[in-house]
There are 2 protein chains.
Amino acid sequence: MTAPTRRERLRTAAVSEIKDGARRLLVSGGPQAISLRAIARDMGMTAPAIYRYFPSLDALIVDLAGDLLDELREHLEAARDAAGAAPVAQLAATARAFRNWSVRHPVEFGLVFGSLLPGVDAFPDNCTNDDDPGARLGAVFVAPLLELWHRSPMPMPPPAQVDHRLAESLGPMRERHRELPVEVARLMLSGWTMLYGLVSMEVYHQLRWAVSDPEALFEAELAAFLRQLPAEPDTGPASATGT
Amino acid sequence: MTAPTRRERLRTAAVSEIKDGARRLLVSGGPQAISLRAIARDMGMTAPAIYRYFPSLDALIVDLAGDLLDELREHLEAARDAAGAAPVAQLAATARAFRNWSVRHPVEFGLVFGSLLPGVDAFPDNCTNDDDPGARLGAVFVAPLLELWHRSPMPMPPPAQVDHRLAESLGPMRERHRELPVEVARLMLSGWTMLYGLVSMEVYHQLRWAVSDPEALFEAELAAFLRQLPAEPDTGPASATGT
DNA sequence: TGTAATAGTAAACGGCGTTCACTCATTTGA
DNA sequence: TCAAATGAGTGAACGCCGTTTACTATTACA
């Protein structure tokens, strides 16, 4: 069970070579440019050979999208872990990392988050599945917010102020993260919406009519969001979110 | 100059028949399903004939996207005009109309706002061109906000609180709408980002992990945004935003 | 009435996803 | 050890696709 057989090694190597080729095509020519024949050509193979590894082109693209999502999540987690123990600093670092990756990988961003994937309804309707792109990324943001809440739950708006209908609607999220207060859930979703919207518009060049420096807008909105959070109690002398 | 010639009538009829076919294919099978051959087949023609009307498939799709954007804008303007004269009610109606159209036309939404269009960098980089999708829609929201400001400019945060770098970055937007105060610009962008992000995620099914009733979240965020605005001074007896 | 522009066709080129029948090397098990 | 089974890869073919080219009617106009 431990050592992969020779066949298995070759197989995984082929799979990743296929995905590498697909990503290269994606980056250079957009999602439309991904073609089995081109991938096979780059590998010195014929197109039907790829069907030994993926049942269809769409399946390959969905698989690639999943990999990209993992890559993004690891990027975020690395930034969070490098930001120290203060939840607010972690949140800021994660948000900045999300923007950085997206701006640097616009086509990949479009594949993961943009429109409904080529194969009609791609990312499945698993309401309660961890494979959801939003869910897996959301979790990275939920953790620091939740810790912040545990440290000083005061300054959040009281539950009564959260609309009853909204509170009921937050069910799926609070099932996933047990003991997540409604106010924290609402705050998290509000911040995530802002982040997602801002980065989407920047990546798709839909902010150029309004703003010449998208990073300035991003930093302003990020600061406005962090201002809603309680100050950290025990971080020590200078809680630099700095620069 | 006034009456279009017979040829012109036939031509515009053919153009709109082509676009109708393209949209039908778009709705039923996504952007990938739009093909010149299928359109021509539906029209009882051959594919090359379409080249008399559009220089390429990509050009046709870009043109269609422009039409969809106009349709959306007219939908918003109709909702705004039906909401009475109160700017806050107009804003609320416009935002709800944006969500309604998008949810009812998810594929069209994806074509207009999603990812970078099929033909690489589709919507051109006209920083100062009115054809920008964000710009044309943004204008619908700017007007009521600006009028609200003129009625009672008090409750906005003072200009000093708006970051200097952000203020400079808002140049393009403020050139387009003359005499638009920085605070109003910032508030408008903040609301538009929220609206765009929320609707995008709902349309692309990226909220299902968190929320069972997206409309509840939408209404909550909309209410939170409107709460930032000053109360209207002179609307009369009951300024019902109601139902 | 004759000429120029216009709308359309048929055929062809190259590219695409996918299927099918086939070969060949590798692994497996008696 | 040797035969059977499995896996990887090929080549040909089918039916799509966008686009170009040469060609034919039809319409508009002077």
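Quick note on labels: first sequence line is chain A, next is B, and so on, each numbered from 1.
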> D:dG9 base to A:R52 side chain: any donor-acceptor pair below 3.5 Å?
Replying inline: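 Present.
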
From the list [options], which nucleotide is the closest neighbour of the side chain of [X]?
X     : options               : result
B:R37 : C:dA10, D:dC17, D:dG9 : D:dC17
A:P48 : D:dA8, D:dT19, D:dT10 : D:dT10
B:L36 : D:dT10, D:dA8, D:dT19 : D:dT19

Between [atom2] of [N] and [atom1] of [X], the distance in whole Å:
X     : N      : atom1 : atom2 : answer
A:L57 : D:dC16 : CG    : C1'   : 14 Å
B:E17 : C:dG8  : CD    : C1'   : 14 Å
B:D58 : D:dC17 : CG    : P     : 16 Å
A:L10 : D:dA8  : CG    : C1'   : 10 Å
A:Q32 : C:dG17 : CD    : P     : 12 Å
B:D42 : D:dC16 : CG    : C1'   : 15 Å
B:R9  : C:dA7  : CZ    : C1'   : 16 Å
B:M45 : C:dA10 : CE    : P     : 12 Å

>> Below 30° counts as parallel, above 60° as perpendicular, anything between as tilted: where do the rings of B:F98 and B:F113 land?
In response: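 Perpendicular.
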
>> Classify the ring geometry of B:H177 against A:W209: parallel below 30°, tilted from 30° to 60°, perpendicular beyond 60°.
In response: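 Aromatic pair B:H177/A:W209 classed perpendicular.
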
> Just by modelled atom types, is the A:T5 backbone N or O under 3.5 Å from a matching donor or acceptor in the A:E8 side chain?
Replying inline: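 The answer is yes, because a donor-acceptor pair under 3.5 Å joins these two groups.
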
> Is there a donor-acceptor pair under 3.5 Å between the side chain of A:R174 and the backbone N or O of A:L180?
Replying inline: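 The answer is yes, because a donor-acceptor pair under 3.5 Å joins these two groups.
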
> Does A:T46 have a side-chain nitrogen or oxygen under 4.0 Å from the phosphate oxygens OP1 or OP2 of D:dG11?
Replying inline: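 Looking at the OP1 and OP2 atoms of D:dG11, neither is under 4.0 Å from any side-chain N or O of A:T46.
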
> Is any side-chain N or O of A:Y51 closer than 4.0 Å to OP1 or OP2 of D:dG9?
Replying inline: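 Negative; the distance criterion is not met.
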
> Do the side chains of B:Y196 and A:L198 get nearer than 4.5 Å, heavy atoms only?
Replying inline: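 With C-beta onward as the side chain, the pair stays apart.
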
>> Under a plain distance cut-off of 3.5 Å, with no hydrogens placed, do A:W101 and A:E71 share a side-chain donor-acceptor pair?
In response: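 Yes - a donor-acceptor pair under 3.5 Å links their side chains.
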
>> So which atom in A:A93 and which in A:A79 form the shortest heavy-atom distance, rounded to 0.1 Å?
In response: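 Scanning both residues completely, I find the closest heavy atoms to be CB-O, 3.8 Å.
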
> Taking five pairs at each end, how big is the angle between the two axes of the helix from C:dT1-D:dA30 to C:dA30-D:dT1, to 10°?
Replying inline: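 Roughly 0°, once rounded to the nearest ten degrees.
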
> NA contact type, A:Y53, heavy-atom cut-off 4.0 Å: base, sugar-phosphate, or nothing?
Replying inline: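 Counting heavy atoms under 4.0 Å across all strands, the contact made by A:Y53 is with sugar-phosphate only.
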
